[in-house]
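Data block below; observations after.
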Amino acid sequence: MACFERASPALKEILLKIYRAERPAEFDHQMHEFGSVQYHVKCSASDPHQTYLSISMPLLSQGLQFTTRLPNHTLDMVKGICPDVVEIIEPPKDGYQLTLRLNFARIPHGKVSTKIITEISSVQAVILSSQLKEMLRNVDSQEISQGMYKAIKLIYHPGEPFYVIKQPAKITAVFPMRFKENTDVIIATAFFQELVVVGSTGACAKAPHCIWSPIPPPELRGEPIEDLSTNGGFVSFDITSRHVEGKKLDKTVWNLLNFYTFVKYHVKSTRGFIHRRMRMRLGNLIEILQNAGIEEEQIKTKVQGFKYVRKLARFSKPKIVKRRCNFSKKLKRIRSRLKIHGFSRFRRQWLTMPKFSSVTKYTKYKTKVK
């Protein structure tokens, strides 16, 4: 997981553990951190107040080759972290670029100790920031006076270069964005567009002006075509003097160095959020279907006592009508079997009897027959 804080959380935890240990103990630990950073912490039980910290990390480079030796101005900034506690050992341990000897006996107790150890844990950020600061300060002022703004290509992670262009009134940082998957390109493009819209509002008036473009900006003309071939466009930040005043300089430089990491973290978090919502939606649909199946089973158990209704529900409408007709025929057969004495003679007389429209005519007919 990427760490956006200047101090390394893992290194800080180890140094605090050694400092707060009640009994002296042997300690020899190696660990790797995001950004190909490697730490080696060693402490001896015979001298518990002396702890050795070795660091190996990829340094900023203006070309394809990474530098291995720290410049003098970077070493001076490392010494300035806490001169009473931190001491640089020359030469460094084999395989590492810097070795520090930490004298924990000179660290005062209380909350100040945590603050000092936190500053020591941010040594990686100090090294990277010092390099970028020095590059920005050493830009040829003669080119600027002639209107020629030369882009400085910086490489922190292989395959992720970015450019810094120093101009008279501002400093422009340009990030070519590349992604391996098409879904990441879609998420990142939406994020860049939203970042530009939010950055233009009044709430972010003090933040650096952000620009996103699918094509390279004019300041990168003449750069190699392989560095300008991207699928995520180009993100540019305009940094003015108010963004590098005092303590703001360290924060601004650290944010520029970790912009690639921040974008990857955002894309990964967005994909995880989408997948989580999809799984929740799928779970809700499955629950609805399961509840519907339970209700159907309950209905079937309720009608088990009504055999005729259950059997009738299995037939279509024509079959139901046919069964009713058969039932009527059965009733006729039952009626035809019933015989009443004298009923047949009465029925024949009734059928041969003429029809009368009134009681008077029927009376006259009766008298005549008699």
Side-chain angles (χ1 to χ4, degrees), residues 1-60 66-134 156 246-247 249-251 253-254 257-258 261:
M1 180 61 69
C3 175
F4 301 109
E5 300 179 0
R6 292 175 58 85
S8 170
L11 180 60
K12 178 181 176 180
E13 182 180 356
I14 291 175
L15 295 180
L16 286 175
K17 182 179 179 181
I18 297 175
Y19 175 74
R20 296 172 180 175
E22 297 180 356
R23 297 180 179 179
E26 295 286 341
F27 191 89
D28 191 349
H29 183 74
Q30 293 183 357
M31 66 176 181
H32 296 266
E33 205 172 47
F34 178 82
S36 302
V37 183
Q38 183 177 359
Y39 296 103
H40 181 219
V41 182
K42 187 175 181 180
C43 180
S44 175
S46 59
D47 191 5
H49 297 296
Q50 302 293 334
T51 302
Y52 293 89
L53 172 63
S54 301
I55 305 170
S56 175
M57 55 184 294
L59 305 177
L60 287 178
F66 289 101
T67 59
T68 57
R69 180 173 177 79
L70 296 178
N72 293 329
H73 64 272
T74 301
L75 297 177
D76 294 338
M77 293 193 67
V78 173
K79 293 178 182 179
I81 295 176
C82 190
D84 297 336
V85 180
V86 178
E87 180 184 357
I88 298 178
I89 303 299
E90 292 288 351
K93 184 180 179 180
D94 293 339
Y96 295 89
Q97 298 160 337
L98 180 66
T99 300
L100 304 177
R101 180 164 56 196
L102 310 177
N103 190 351
F104 284 166
R106 297 181 180 180
I107 299 179
H109 296 280
K111 296 182 179 180
V112 181
S113 61
T114 304
K115 182 179 179 181
I116 293 176
I117 293 178
T118 302
E119 293 178 355
I120 296 174
S121 303
S122 62
V123 60
Q124 178 205 7
V126 172
I127 295 173
L128 292 176
S129 301
S130 65
Q131 285 189 302
L132 183 54
K133 292 176 188 176
E134 191 68 19
Y156 178 32
K247 296 182 179 180
L249 177 60
D250 293 336
K251 185 177 181 180
V253 172
W254 182 247
L257 293 174
N258 287 274
T261 306

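Heavy-atom basis, side chains included; hydrogens, waters and symmetry copies ignored.
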Check against side-chain contact (heavy atoms from CB on, under 4.5 Å), Glu90 and Ile88 | CA-CA 7 Å; Glu90 292 288 351; Ile88 298 178; 3.9 Å; yes
Spatial distance of atom [atom1] ([X]) from atom [atom2] ([Y]) [nearest 0.5 Å]:
X      : Y      : atom1 : atom2 : value
Leu11  : Tyr39  : CG    : OH    : 5.5 Å
Tyr96  : Ile55  : OH    : CD1   : 10.5 Å
Ile117 : Ser122 : CD1   : OG    : 12.0 Å
Gln30  : Ser56  : CD    : OG    : 10.5 Å
Leu16  : Ser121 : CG    : OG    : 7.0 Å
Ile120 : Leu100 : CD1   : CG    : 8.5 Å

Given 3.5 Å as the limit, does a donor-acceptor pair link the side chain of [X] with the main chain of [Y], or not?
X      : Y      : result
Gln97  : Met57  : yes
Thr118 : Thr114 : yes
Ser54  : Thr99  : no

Identified side chain to side chain contact (heavy atoms under 4.5 Å, CB included) partner of Ile107 from the options Val85, Asp84, Val112 |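 The passing option is Val85.
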Salt bridge (charged side-chain N to carboxylate O under 4.0 Å, His left out) partners of residues 94-105, not counting sequence neighbours, each pair once |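 Listed by first then second residue: Glu87-Arg101.
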Derivation and outcome, side-chain contact (heavy atoms from CB on, under 4.5 Å), residues Leu98 and Leu75 = CA-CA 9 Å; Leu98 180 66; Leu75 297 177; 4.0 Å; yes
List the atom of Gly110, the atom of Ser113, and the distance in Å for their closest heavy-atom pair.
->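 Closest approach of Gly110 to Ser113, heavy atoms only: O-OG, 2.6 Å.
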Heavy atoms only: give me the nearest Val86-Val78 pair and the separation to one decimal.
->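 Between these two residues, the closest heavy atoms are CG1-O, 4.3 Å.
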Donor-acceptor side-chain pairing of Ser8 and Glu33 below 3.5 angstrom |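 Yes, because at least one side-chain N or O of Ser8 sits under 3.5 Å from a partner of the opposite role on Glu33.
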Donor-acceptor pair between Tyr19 and His49 side chains, under 3.5 angstrom =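 Not at all, the side chains of Tyr19 and His49 share no donor-acceptor pair under 3.5 Å.
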Step by step, work out the side-chain contact (heavy atoms from CB on, under 4.5 Å) result for Ile14 and Phe27.
-> CA-CA 10 Å; Ile14 291 175; Phe27 191 89; 3.6 Å; yes
Does NZ in Lys42 sit with more than 12 non-hydrogen atoms of other residues, nucleotides or ligands closer than 6.0 Å?
->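 For Lys42, atom NZ is not crowded (no more than 12 foreign heavy atoms under 6.0 Å).
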side-chain contact (heavy atoms from CB on, under 4.5 Å) assessment of Cys43 paired with Gln50 | CA-CA 7 Å; Cys43 180; Gln50 302 293 334; over 6 Å; no
